[in-house]
Amino acid sequence: MAGWVDRRRDHGGIIFFDLRDTSGLVQVVVDPEQLPAARDLKMEYTVSVAGTVRVRPEGTKNSEMATGEVEVVAGEVQVLSSADALPFMINDRIEIDERIRLQYRYLDLRRPRMAANLRARSSAVRAMRQTLDDLGFLEIETPTLIRSTPEGARDMLVPSRLSKGTFYALPQSPQLFKQLLMVGGVDRYYQIARCYRDEDLRSDRQLEFTQLDIEGAFWGQEGVLDTLEQVIVSVVQQARDVELSRPFPRLTYADSMARYGTDKPDLRFGMEIIDLGEAVANSGFRTFSGALEAGGVVRGINAGRLGLSRSGLDGLVARAQELGAGGLVWMVVEDDGSLRSPVAKFLSDLEMSDIASRITASPGDTLLIAADQAKVVGRVLGQLRLDLGRPRGHDDLSFLWVVDFPVFEETEGGDLAPAHHPFTSPVSVSEMRDNPREAVSKAYDLVLNGSELGSGSVRIHDPEVQKQVFEVLGISDREAESRFGWFVKALRYGTPPHAGFAVGIDRLLAILQGEQSIRDVIPFPKTQTGTDPLTESPTRVDDFQLIELGIDLRPDVRAALSGEKDD
RNA sequence: GGGGGCGUGGUGAAGUCUGGAGUUCACGCCGGCCUGUCAAGCCGGAGGUCGCGAGUUCAAAUCUCGUCGUCCCCGCCA
């Protein structure tokens, strides 16, 4: 056997050490009289051991250890390589500063938790490939040096040496290429695709990330969702040994926003948002009636038995205000069913009992009610719902589809902005044109435990429709021609109706592995400032490299850099 | 672009609020003892520019300002 020395227990006359390899640990027993070199073994030396496996003597078995029934009596131990004193210990017992972990990622990856994440990721991807291969999909690669199409996220740019002054972009997704594959007669495509978006990082966002990208021709939403469900079921079977039931639940976007205040609801718990408008429509309490008259809503959640003190309740009000609400009304249900609240005196008995019955209040429950524009109320109650009800880890898995996304989203300023990419098929072009705020597109998201795992849509396959969509999205003919002319042209040569999806593999694995950050399921991630402490990228490059590319740094950038130490 | 948390021997923490000698704990490291441990145990030892720079003060890990790094979040992510 060969592996790493995990821990050593030297008793003088007898030495034990745990030998670790990718499959786990086993205890090795050494008689130092026979093998004096064993006295010099230290943590993380790599060694090979020849010896006899035997059942441990009675009374020395270790039930905590998978291999605790047996041990290896070493006949020979050979040191394959030694190891310096470690910057941190290879175990899961303490949380080491993440910068140090990344700086010594090769050691961090030896920790059982990280090693398990790597293995889980590998088997998840294998399950994806297996399922899609069985369904007749082709795995096809698309280029990573592509044309920049300044839409959506910021592109990562790569300067061209052969055409100085011009740039490739790294793909934000294989979107247009997979659609070209459909035109090209590939009717079932998938790819484990690396994607790049030059935006600020978060615990669930990296500059580069990996998607399971799929697309199919002569099918629509139902075909896509059915296929994706089979893939997810298979991955979860692998990762959790759990058989998910199908089909996954579905919510429309409108329902999701109304009931959960978000387009990615966490359905592991209830605490739904309930509309109370009818209960307080004619209320003398101006906060409620005024909001309704202004076209807003009055909605609430039953947060259950919080048992909060007055200051705890005030904390919720402060939290609501921080989220943009003017205020928050709390009510606590007394044993006799009456409501205790600072605003009780403004509400009639009928109004209060109506509220209590609509929100199905029981004694001890805390009710939280907000009155404002629907968007604000949704955001505030949706977030309070998560604050108060969200389970800690990810022991349960709650997948769902959110369907019927709108074509446009309203920005904070009240403007309309496209909710998806401009190749998404609207349900009706005329509806999109005439009633843009209500128009629905054939777009859908996959949500797991309150996280958006991915999205997809039925694509536009008619070049005329595509033209009209550009127009409605405010992209002029000339602009559309120069940016996407090459693509729209392709649609003119007999394009099959097609639809697809992309699943964020990093996010899926993070949740399946119970990790807070996707960095823990990515072997070599970047820090929040986009740097890699191990290789110290990104770095400056030699001037001649820039010259070769026809690039000069801006004077202000150069000045800022010369203030730093040269590399 | 903005808000917040953190930064103390190699690692993890306590000390910071309320200034008074680099003080403490666990792991690791070095040396010694030890034949059934498994986070082995016991004895001894080394190891720190309290991220960095200014300021306040008789005195700063501790207070103030700036700065760097990192994490979380808002913006951003079609």
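Here the structure is a predicted model, which is why all the values come from computation and not from measurement. Residue numbers start from 1 in every chain, and the chains themselves are labelled A, B, ... in the order their sequence lines are given, proteins ahead of strands.
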query: Looking just at side-chain N and O atoms, do T424(A) and S441(A) make a donor-acceptor pair shorter than 3.5 Å?
result: no
- line: Side-chain contact check for R202(A): nearest option of rG75(B), rC30(B), rC71(B) is rG75(B)
message: Checking contacts here: which listed nucleotide (rC34(B), rU37(B), rC38(B)) is nearest the side-chain heavy atoms of D18(A)?
response: rC38(B)
message: Would you say the base of rA40(B) stacks on H11(A) (centre-to-centre below 5.5 Å, plane angle below 30°)?
response: yes
task: Scan every strand shown for a Watson-Crick or G-U wobble partner of rA26(B), both distances under 3.5 Å, and answer none if you come up empty.
output: rU11(B)
field: Watson-Crick or G-U counterpart of rU16(B), or none if no pair lies under 3.5 Å
entry: none
- line: Scanning all shown strands, the Watson-Crick or wobble mate of rU70(B) with both distances under 3.5 Å is rG5(B)
message: Mind checking if P32(A) touches a base, just sugar-phosphate, or nothing, with heavy atoms under 4.0 Å?
response: nothing
task: Kindly indicate whether the side chain of D200(A) and the base of rG75(B) share any N or O donor-acceptor pair separated by less than 3.5 Å?
output: yes
- line: Closest of rG69(B), rU37(B), rC77(B) to the R99(A) side chain is rG69(B)
Sub-6.0 Å ring centroid separation between F17(A) and W4(A): no
query: Only one of T67(A), D6(A), V47(A), L25(A) forms a side chain to side chain contact (heavy atoms under 4.5 Å, CB included) with L19(A), so which one is it?
result: V47(A)
task: Go through rG36(B), rC29(B), rC77(B) for me and flag the one nearest to the R205(A) side chain.
output: rC77(B)
- line: Of the candidates rU37(B), rA78(B), rC72(B), the side chain of S203(A) sits closest to rC72(B)
task: Using only heavy-atom distances, decide whether a donor-acceptor pair under 3.5 angstrom links the side-chain of R54(A) to the base of rG36(B).
output: yes
message: Between rC77(B) and R197(A), counting only base atoms on the nucleotide and side-chain atoms on the residue, is there a donor-acceptor pair under 3.5 Å?
response: no
statement: Picking from rG28(B), rU37(B), rC74(B), the nucleotide nearest the side-chain atoms of M89(A) would be rG28(B)
message: Taking the minimum atom-to-atom distance to the side chain of P87(A), which one of rC71(B), rG10(B), rC38(B) wins?
response: rG10(B)
message: I need the D18(A) CG to F16(A) CZ distance, nearest 0.5 Å.
response: 10.0 Å
task: Please determine, for the side chain of I94(A), which listed nucleotide (rU37(B), rG28(B), rU11(B)) has the closest atom?
output: rU11(B)
query: Less than 3.5 Å between a donor and an acceptor, one on the side chain of E322(A) and one on the base of rG3(B), is that the case here?
result: no
